[in-house]
Amino acid sequence: NTFGLNFFYTEPVKPNNIIDFDYSLNTGSNLSVKKAYNFDTVTNTYNEPDTLTTNTITNRNTQQNFKIGYNYLGKIAQFQVGMSMLHTFMTNENDYFSYQKMIEQNLWNWSPRASAFIKLHGHRNLQVNYRGTSKSPTTDMLEPIPDLTNPYLINSGNPDLKQEFQHAFSINYSASNTKNFRNLFL
């Protein structure tokens, strides 16, 4: 189950200059139930719970993202610089046969963002972008029981796993010739 909400507001501060504000709230939960049984020689069936590979995990994740940015919108160039502050609150409840374990993580990340769009000579443009993002681990990544579906590669999750932070940087160049219909995108 997931739910999201977003508010966005822009305010012109002078001609061609805008400040933007953005707030988003996303919350979700995942439930993973894994059951495995061992062979019971008395009943001749698989009805003995396997305590090594049976687990129930509930993951709840709430993220709030606060953003502010400055935008310049000129005829030849457009620029944007800004910052994001991301707050994540995550709980993981693991239920094993012999015990229960609950892990709470309260994380703050900030990330800059910047972009520039420049019109070069003729129909040529250059665009440069940077942004940073955070990504929370999935339920399978957090589940500390072994996954025995592939006996050659046995994976086990890490319940203490933190979220990851990614940097994305791109440069794009485009040129077009309207007389002979040639386009170049790099």
Side-chain angles (χ1 to χ4, degrees), residues 1-9 20-69 82-115 128-172 185-186:
N1 299 332
T2 59
F3 171 75
L5 180 68
N6 192 34
F7 293 105
F8 188 79
Y9 177 74
D20 65 74
F21 302 94
D22 188 1
Y23 171 77
S24 63
L25 170 69
N26 293 300
T27 184
S29 63
N30 295 309
L31 174 66
S32 174
V33 178
K34 292 185 180 179
K35 293 185 178 183
Y37 298 95
N38 293 323
F39 187 72
D40 184 359
T41 55
V42 175
T43 61
N44 229 15
T45 59
Y46 287 91
N47 64 356
E48 291 288 324
D50 183 357
T51 58
L52 177 65
T53 57
T54 298
N55 182 35
T56 301
I57 185 170
T58 305
N59 173 265
R60 291 181 186 87
N61 191 347
T62 300
Q63 289 187 333
Q64 297 183 78
N65 201 349
F66 307 90
K67 299 178 184 176
I68 187 169
M83 183 180 143
S84 298
M85 184 65 73
L86 179 68
H87 175 246
T88 302
F89 181 72
M90 185 168 53
T91 60
N92 298 305
E93 297 175 22
N94 291 296
D95 187 8
Y96 302 98
F97 278 95
S98 58
Y99 70 98
Q100 291 183 339
K101 183 177 183 183
M102 184 164 150
I103 298 171
E104 292 184 347
Q105 295 180 354
N106 192 17
L107 307 166
W108 286 91
N109 282 318
W110 69 275
S111 61
R113 59 186 167 106
S115 66
V128 179
N129 293 303
Y130 167 78
R131 68 180 159 76
T133 56
S134 297
K135 183 178 176 185
S136 297
T138 64
T139 304
D140 287 338
M141 297 167 125
L142 298 168
E143 206 162 30
I145 63 170
D147 180 3
L148 303 175
T149 55
N150 182 351
Y152 300 109
L153 180 64
I154 298 174
N155 292 319
S156 181
N158 178 0
D160 297 319
L161 194 62
K162 303 280 190 237
Q163 61 182 327
E164 68 180 47
F165 188 80
Q166 298 174 338
H167 299 276
F169 182 76
S170 66
I171 298 175
N172 301 307
F185 298 99
L186 300 173

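Nothing here was measured: the structure is a model prediction, and the numbers come from that model. Just the heavy atoms: all of them, side chains too, but no hydrogens, waters or symmetry mates, feed the values below.
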Would a 4.5 Å heavy-atom cut-off, applied to side chains only, mark Arg60 and Glu93 as touching? yes

Flag the pair Lys162 / Met90 as yes when at least one side-chain heavy-atom distance between them is below 4.5 Å, and no otherwise. no

Candidate pair Asn109 and His87, rule side chain to side chain donor-acceptor pair (under 3.5 Å), full reasoning: CA-CA 7 Å; Asn109 282 318; His87 175 246; over 6 Å; no

Taking atom OH as the centre, does Tyr23 end up with more than 12 heavy-atom neighbours from other residues, nucleotides or ligands that are less than 6.0 angstrom away? yes

Can you name the residues that form a side-chain hydrogen bond (donor to acceptor under 3.5 Å, both in side chains) with Asp20, not counting sequence neighbours? Asn71, Arg113

Result for side chain to side chain donor-acceptor pair (under 3.5 Å) between Thr62 and one of Thr91, Thr27, Asn26, Thr88 points to Thr27

Atom CZ of residue position Phe169 - does it have more than 12 heavy atoms of other residues, nucleotides or ligands inside 6.0 Å? yes

So, for Tyr130 and Pro112, which heavy atoms are closest and what is the spacing to 0.1 Å? CE2-O, 3.2 Å

Quick one, Ser84 and Trp110 - any side-chain contact, counting heavy atoms below 4.5 Å? no

All N/O donor-acceptor pairs, side-chain side in residues 32-43, below 3.5 Å, sequence neighbours left out:
| from | atom 1 | to | atom 2 | distance (Å) |
| --- | --- | --- | --- | --- |
| Ser32 | OG | Glu143 | OE2 | 3.4 |
| Lys34 | NZ | Glu143 | OE1 | 3.1 |
| Asp40 | OD1 | Val42 | N | 3.0 |
| Asp40 | OD2 | Thr43 | OG1 | 3.2 |
| Thr43 | OG1 | Thr45 | OG1 | 2.9 |
| Thr43 | OG1 | Asn47 | ND2 | 3.3 |

For Glu104 and Phe89: C-alpha separation, side-chain torsions, deciding distance, then whether side-chain contact (heavy atoms from CB on, under 4.5 Å) applies. CA-CA 7 Å; Glu104 292 184 347; Phe89 181 72; 4.0 Å; yes

Gap separating the CE atom of Met102 from the CD1 atom of Ile57, nearest 0.5 angstrom: 12.0 Å

With a cut-off of 6.0 Å (strictly less than), are more than 12 heavy atoms of other residues, nucleotides or ligands near CG of Asn1? no

Nearest-0.5 Å distance, CG of residue Asn92 to CE of residue Met141: 12.5 Å

With rounding to the nearest 0.5 Å, note down the distance linking OG in Ser24 to CG in Asn65. 4.5 Å

What are the two closest heavy atoms between Gly132 and Ser111, and how far apart are they? O-OG, 3.1 Å

Mind checking the OG-CG spacing from Ser29 to Leu31? Nearest 0.5 Å is all I need. 8.0 Å

Look at the rings of Tyr9 and Phe21 and say which category their plane angle falls in: under 30° parallel, 30 to 60° tilted, over 60° perpendicular. parallel

Tell me whether the rings of Phe66 and Trp108 are parallel (<30°), tilted (30 to 60°) or perpendicular (>60°). parallel

What I'd like to find out is whether the side chain of Phe165 reaches to under 4.5 Å of the side chain of His167, using heavy atoms alone. yes

side-chain contact (heavy atoms from CB on, under 4.5 Å), that's the test. Do Gln63 and Leu86 meet it? Break it down for me. CA-CA 7 Å; Gln63 289 187 333; Leu86 179 68; 4.1 Å; yes

